Amino acid sequence: MSYTSNSTANPVQEFKSFASLSDEQAGARIIEARARLGQRVVLLAHHYQRESVYRYADLTGDSLKLARLAARTDAEFILFCGVHFMAEVADILSRPEQTVILPDLAAGCSMADMADLEKVERCWGELTNALGTIEARITPVTYINSAADLKAFCGERGGIVCTSTNAPAIIDWALSRREKVLFFPDQHLGRWTGYKKGIPLDQMAVWDPNLENGGLTAKEIEHARILLWKGHCSVHQMFQVEHIRQWRVQYPDGFVISHPECNLDVCRESDHVGSTEFILETVTAAPPDTRWLVGTELNLVSRLAEQLKAQGKIIKFMAPTMCMCSTMQRIDPQHLAWALENLANGNIVNPIRVPAREAEQARTALTRMLETF
Ligand code: 13P
Ligand code: SF4
């Protein structure tokens, strides 16, 4: 069967006919369409995906693992259950004849949206005015949670991509080449990583993209070793150090594990800090009957709690209010069934295609990361 993007050869089924399906009905259609597609499709899912989607995944992971999986799969179609920047990475790292599909294009990342090319280019220009020969002095480092054009920006300027797993090694790499780092878009991952490296807080200045010169004086820019873009993940900002202190009173022998997108105080007070894959592995490998307070997205925490309760493990979400990543939630069984059934009928809906030139430069920054760390 030949495949077309939204072609009329085999009429494209509209999403509206899937919207009213129950999760069970959508699940049956997912299974049926997958069986028709066989090995031609692989389903990759991030750990924050809801259970009713995650259960259909062939492979799961954090951002780094998913990037590596996308780079080595032979499947013709990569159905990506995650957010837009992850699907872009999969497209950049997969072969040209492979197609990446994101079941709902509204599945973005609000943190990634806090930095755009226009603002980063303006920042670079202002830093050039302040520092002179900028490319000899600053390495741009983008968290993987960013649009492809920002990865391309880094690729073109000797910069690199990092993930929550390899940020410490990447910062070492960057600072061994040039004296400063411009880190975007997550100030918290950048600050925690710099802090762990022993960089004093006063040498990690926050760059506010909405202010002239980032709101910094020339002296502050000169003094900084890491310039932290003023971006954050609103899900991880819910977790506060008071939640950890209350937990420690209630369970003095309990453990605390957090994602590095949490604020510095939360990371400092945690027993372990790491990526979603690290959190999953650490809590899973812990002895039975241990208690865990977890500072990351609710779907992951609820799944872990359910899976490990038979081992007597008590696993709690760090914040008192339940809040999921609303963009990860956009991928539901109905959208997955819609994308898969169209694919099985010969129609590609929601392909993710990064423009060739941008993809090439972004690949430079991603490959630097994947080959070095
Ligand atoms: P991980 O790479 O640790 O899975 O993190 C991705 C993310 O978006 C966390 O909010
Ligand atoms: Fe983005 Fe935060 Fe959602 Fe992760 S949890 S995908 S950083 S909005």
Side-chain angles (χ1 to χ4, degrees), residues 44-50 53-54 57 59-70 80-90 93 102 104-116 141-147 150-151 161-170 183-193 229-239 257-263 266-267 270 272-283 294-304 317-319 321-331 366 369-370 373:
L44 302 186
H46 185 264
H47 296 309
Y48 290 167
Q49 288 294 294
R50 57 172 88 202
V53 166
Y54 197 80
L59 300 163
T60 60
D62 61 9
S63 310
L64 181 63
K65 188 170 162 192
L66 290 170
R68 291 194 194 281
L69 289 168
F80 209 106
C81 299
V83 288
H84 195 268
F85 75 82
M86 297 178 181
E88 279 187 336
V89 168
L93 295 176
L102 183 65
D104 186 346
L105 294 178
C109 163
S110 53
M111 177 215 278
D113 293 342
M114 289 178 191
D116 62 34
V141 177
T142 184
Y143 188 23
I144 197 165
N145 295 40
S146 57
L150 292 185
K151 294 182 177 83
V161 177
C162 78
T163 71
S164 55
T165 303
N166 58 26
I170 298 278
F183 190 94
F184 47 86
D186 185 19
Q187 59 171 305
H188 298 286
L189 175 65
R191 187 178 293 108
W192 168 244
T193 308
W229 193 265
K230 196 176 178 189
H232 63 269
C233 165
S234 40
V235 176
H236 288 84
Q237 297 328 290
M238 291 187 310
F239 308 125
I257 189 163
S258 303
H259 194 277
E261 288 172 13
C262 294
N263 71 49
V266 166
C267 291
S270 298
H272 306 273
V273 178
S275 78
T276 55
E277 185 81 10
F278 169 83
I279 292 173
L280 207 125
E281 284 175 357
T282 306
V283 180
V294 186
T296 200
E297 207 265 353
L298 185 60
N299 280 307
L300 183 157
V301 182
S302 307
R303 186 179 311 115
L304 263 185
F317 184 62
M318 193 178 282
T321 47
M322 297 292 160
C323 177
M324 289 145 180
C325 171
S326 56
T327 47
M328 285 275 182
Q329 282 291 106
R330 300 294 305 222
I331 311 294
L366 279 162
M369 169 184 83
L370 293 171
F373 306 100

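FYI, the numbering just counts along the sequence from 1. Both counts, for ligands and for their atoms, begin at 1 and track the order of listing. Every value quoted in this text rests on a predicted model; they were computed, and no experiment measured them.
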Q: Determine the interplanar angle of the H47 and Y54 rings, folded into 0 to 90°, and report it as parallel if under 30°, tilted if 30 to 60°, perpendicular if over 60°.
A: tilted
Q.
Please classify the F278 to ligand 1 contact at 4.0 Å (heavy-atom distances, strictly less than): side chain, backbone, both or neither.
A. neither
**Q.** Residue pair T142 / P185, side-chain heavy-atom distance below 4.5 Å
**A.** yes
Q. Which residue owns the protein heavy atom closest to atom 8 (O) of ligand 1, what's the atom, and how far is it?
A. N145 ND2, 3.0 Å
Q. For ligand 1, which atoms sit closer than 4.0 Å to a heavy atom of S275?
A. 3 (O)
Q. Which ligand 2 atoms, with their elements, are less than 4.0 angstrom from a heavy-atom of Y48?
A. 4 (Fe), 5 (S)
Q: Provide the number and element of each atom of ligand 2 under 4.0 Å from a heavy atom of C325.
A: 3 (Fe), 5 (S), 6 (S), 8 (S)
**Q.** Proximity to ligand 1 by part of M111, non-hydrogen separation under 4.0 Å
**A.** neither
Q. When D62 is tested against each of L300, T163, T165 for side chain to side chain contact (heavy atoms under 4.5 Å, CB included), which residue passes?
A. T165
Q) Looking at side-chain heavy atoms only, is the closest gap between V89 and I144 below 4.5 Å? A) yes
**Q.** ligand 1 contact by E277, heavy-atom criterion under 4.0 angstrom
**A.** no
(Q) Just so I know, are the side chains of H46 and M86 near enough to count as touching, which here means a heavy-atom distance under 4.5 Å? (A) yes
(Q) Below a 4.0 angstrom heavy-atom separation, can you tell me which part of E261, side chain or backbone, both or neither, approaches ligand 1? (A) side chain
Q) Counting distance only, does the side-chain N/O of N166 pair as donor-acceptor with the main-chain N or O of A169 below 3.5 Å? A) no
Q) In the protein, which heavy atom is nearest to atom 6 (C) of ligand 1, and how far is it? A) S63 OG, 3.4 Å
Q: Please report which non-hydrogen protein atom sits nearest to atom 5 (O) of ligand 1, along with the residue it belongs to and the distance in Å to one decimal place.
A: H259 NE2, 3.2 Å
Q. Side-chain contact, heavy-atom cut-off 4.5 Å: N145 with E261?
A. yes
Q | Interfacing atoms of ligand 2 (cut-off 4.0 Å, heavy-atom, N145) | A | 7 (S)
Q. Which is it for E261 and ligand 2 at heavy atoms under 4.0 Å: side chain, backbone, both or neither?
A. side chain
Q. Any idea which atoms of ligand 2 are less than 4.0 Å away from a heavy-atom of C233?
A. 2 (Fe), 5 (S), 7 (S)
Q: Give a yes/no on ligand 1: does H46 have at least one heavy atom closer than 4.0 angstrom to it?
A: yes
Q: Find all atoms of ligand 2 within a distance of less than 4.0 Å from any non-hydrogen atom belonging to S110, and give their numbers and elements.
A: 8 (S)
Q: Provide, to 0.1 Å, the distance between atom 1 (Fe) of ligand 2 and the closest protein heavy atom, together with that atom's residue and name.
A: C109 SG, 2.4 Å
Q: On the 0 to 90° scale, with breaks at 30° and 60°, tag the F183-Y143 ring pair as parallel, tilted or perpendicular.
A: parallel
Q: May I ask you to test the V235-L298 pair for a side-chain heavy-atom distance under 4.5 Å?
A: no
Q: State, with a plain yes or no, whether a side-chain heavy atom of T276 is found less than 4.5 Å away from one of H259.
A: yes
Q. Just which atoms of ligand 1 are under 4.0 Å from any heavy atom in S164?
A. 1 (P), 2 (O), 3 (O)
Q: Check whether any side-chain heavy atom of V83 lies under 4.5 Å from a side-chain heavy atom of Y48, and answer yes or no.
A: no
